Amino acid sequence: KKIIVVGSSHGGYEAVQQVLQDAPDAEIQWYEKGSFLSFLSCGMQLYLEGVVKDVNSVRYATEEGESAKGVHVFTQQEVVSVAATRYSVHVVDHATGDERDESYDRLILSPGAVPASIPVEGNDLANIYAMRGRDWAIKLKAATVNPDINDVVIIGAGYIGIEAAEVFAKAGKRVTVIEMQSRVLAAYLDSEFTDILADTLSEHGITPATGQRVQRFEGVDGKIARVVTDKATYPADLVIESAGVRANTDWLDGVVERDEHGLIVVDDHQATSVADIYAVGDATEVRFAPTGGKAHIALATNARRQGRIAARNALGEDVSFTPVSGSSALSVFEYKFASTGIKEYTASDYGVTAKSVFVGDLYRPPFVPDDAGNAPVYFKLTYAPEDGRVLGAQIMSTQNVTANINTIALAIQLHATVQDLAYADFFFQPGLNRPWSIINIAAQQAARGIG
Ligand code: FAD
């Protein structure tokens, strides 16, 4: 069999590894239109802050390594169109300008997404950047040490915007984060958490400019100089747009079915509307465990799981994607948070009636002093009021308690209830936690209200 995989990021990588594992004799052609294979945007903050020194190390596969495994790797080669009836793709080699057709038996697409540009006047000015991929990483790194850049305005206070804000605040710049919603990180955390984080950002010199919409960018000599919102004007030597992504699928117009956002429509086998073409990653939706419906949750974790499932089905198995809950985590200066599933704030977006309990506790028993690693922990558990089914949770502390959220993600996946969690067997050791896990405590409170 000849399998063509398009895109060398998380989804494409996993598809290739699965084919190597299950069909070592298959011919694999792996295409990346950029010059660099498998850059890891998730690791970009560590590079920009100088924790990781070499931009070229922020990856998980090399051409040499994959070629040694027998994969035919093509970088700077773009798959520009698909002739599905002929089972062939058209490839442009950007290094040489050559073009050719390649046949396939199975085609796995992981073309991903690109940062969305805000459609306002002035968005073509110089020094308006994005934070995704190796090329932007290199430009952003240069900006962190550029003495002419003092005022940095970030558009969008999702996790990428907050990562960017932290990078540039640590680099000594004045940072403003403009966000349409009334809170930072609103899709990830409810206000009990974001109120604390907004204070933390301010303490570190970042201005959260929430509840505002960008109206235009103003420039001087072709370069960004000011960002004008419906509430204020902010000086800017650099703007970073991190207000969502756009699926990289225009080249598939008329080939596979796409939705109104340009996302490739796939079933739970990652199959597209066209036989023997599969799609995964940020260019697709996933099955959302709390509701059973579809959702667009652009995470590497999802792309990786989808890549595995797509390859297995492409090779003749019959396996479905395990529904996910959008579990994610982030550190914001001294705080570390994680969340999964539905929040009080997002419940109505999903058409779900939800109830929540919020618990503030200590990481370890009260007799353990702070300087020995004790600290407050905040936890919120969200559930269906009629039957106690677990729908989501959020956790935050200066200690790293984020992994608790994986337990909740599994509870959602298995349709567990708060009654199931109330007395679930979680360990206790005073060096590590409290006699009752914070999940037990919250679930016991929640279970009291359910008949
Ligand atoms: P993408 O990563 O979008 O890559 C698609 C690739 O395909 C690109 O390299 C592109 O050049 C190539 N391509 C596209 N079309 C063609 C074509 N026609 N021919 C050839 N090549 C093509 N997720 C997490 O789970 N955890 C994190 O901590 C996290 N942190 C992040 C931090 C940042 C700053 C960013 C930007 C994202 C982060 N993500 C994180 C999200 C994660 O990076 C994405 O969900 C993931 O990269 C999606 O993978 P993908 O395979 O769908 O495609």
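We count ligands from 1, going down the list as the structure has it; atoms in each ligand are counted the same way. Model, not experiment: these values are computed from the prediction.
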Any chance NZ of Lys69 has more than 12 other-residue heavy atoms, nucleotides or ligands included, within less than 6.0 Å?
->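 Count over threshold, so yes.
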For Arg213, does the CZ atom have more than 12 heavy-atom neighbours from other residues, nucleotides or ligands under 6.0 Å away?
->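 No, the 6.0 Å shell around CZ holds no more than 12 heavy atoms from other groups.
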Assess [X] against [Y]: is NZ or CZ under 6.0 Å from the centre of the six-membered ring, and within 45 degrees of the ring's axis?
| X | Y | result |
| --- | --- | --- |
| Arg304 | Tyr60 | yes |
| Arg59 | Phe36 | yes |
| Lys141 | Tyr47 | yes |
| Lys2 | Tyr104 | no |
| Arg287 | Phe321 | no |
| Arg174 | Tyr234 | no |

Does Glu121 come within less than 4.0 Å of Arg216, counting only side-chain N to carboxylate O?
->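 Between Arg216 and Glu121 there is no salt bridge, as every charged N stays at least 4.0 Å from the carboxylate O atoms.
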Residues in side chain to side chain contact (heavy atoms under 4.5 Å, CB included) contact with Asp349, at least two apart in sequence or another chain =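 Partners of Asp349 under the side chain to side chain contact (heavy atoms under 4.5 Å, CB included) test: Thr346.
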Just need the protein heavy atom nearest to [atom], so name the residue and atom and give the distance.
| atom | answer |
| --- | --- |
| atom 14 (C) of ligand 1 | Pro111 O, 3.2 Å |
| atom 9 (O) of ligand 1 | Glu32 OE1, 2.7 Å |
| atom 25 (O) of ligand 1 | Ala300 N, 2.9 Å |
| atom 49 (O) of ligand 1 | Ser9 OG, 3.5 Å |
| atom 7 (O) of ligand 1 | Gly7 CA, 3.2 Å |
| atom 17 (C) of ligand 1 | Val6 CG1, 3.5 Å |
| atom 29 (C) of ligand 1 | Cys42 SG, 3.2 Å |
| atom 44 (C) of ligand 1 | Asp282 OD2, 3.3 Å |

Sub-3.5 Å N/O-N/O distance, Glu78 and ligand 1 |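 The answer is no, given that Glu78 and ligand 1 share no N or O pair closer than 3.5 Å.
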If you measure every N/O of Arg132 against every N/O of ligand 1, is any gap under 3.5 Å?
->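 So ligand 1 has an N or O lying under 3.5 Å from an N or O of Arg132.
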When you look for heavy atoms under 4.0 Å from ligand 1, do you find them on the side chain of [X], its backbone, both, or neither?
| X | value |
| --- | --- |
| Gln45 | neither |
| Ser328 | neither |
| Lys33 | both |
| Tyr13 | neither |
| Tyr159 | side chain |

Check ligand 1 against [X] and write out every atom of the ligand that is under 4.0 Å from a heavy-atom position of the residue.
| X | answer |
| --- | --- |
| Ala113 | 3 (O) |
| Ala298 | 41 (C), 45 (O) |
| Gly281 | 52 (O) |
| Gln77 | 20 (C) |
| Asn248 | 14 (C), 15 (N) |
| Gly11 | 51 (O) |
| Gly112 | 1 (P), 3 (O), 5 (C), 52 (O), 53 (O) |

Is the closest heavy atom of Ala283 to ligand 1 under 4.0 Å?
->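 No, Ala283 has no heavy atom closer than 4.0 Å to ligand 1.
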Determine whether Gln270 and Ile264 make a side-chain contact, defined as any pair of heavy atoms from C-beta on separated by less than 4.5 Å.
->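 The answer is no; the side chains never approach within 4.5 Å.
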Could you tell me whether a side-chain N or O of Asn404 sits under 3.5 Å from a main-chain N or O of Ile439, the two making a donor and an acceptor?
->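 Checked: no pair found.
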Assess whether salt bridge (charged side-chain N to carboxylate O under 4.0 Å, His left out) is satisfied between Arg258 and Asp250, documenting all intermediate values.
-> CA-CA 9 Å; Arg258 297 183 303 149; Asp250 288 351; 3.4 Å; yes
Should one rank Val167, Thr249, Val79, Leu37 by closest heavy-atom distance to atom 19 (N) of ligand 1, which comes out on top?
->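 Shortest heavy-atom distance from atom 19 (N) of ligand 1: Val79.
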Return the set of residues passing side-chain hydrogen bond (donor to acceptor under 3.5 Å, both in side chains) with Lys380 (not counting sequence neighbours), or none when no residue passes.
->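 Partners of Lys380 by the side-chain hydrogen bond (donor to acceptor under 3.5 Å, both in side chains) criterion, ordered by chain and then number, come out as Asp190, Glu192, Glu344.
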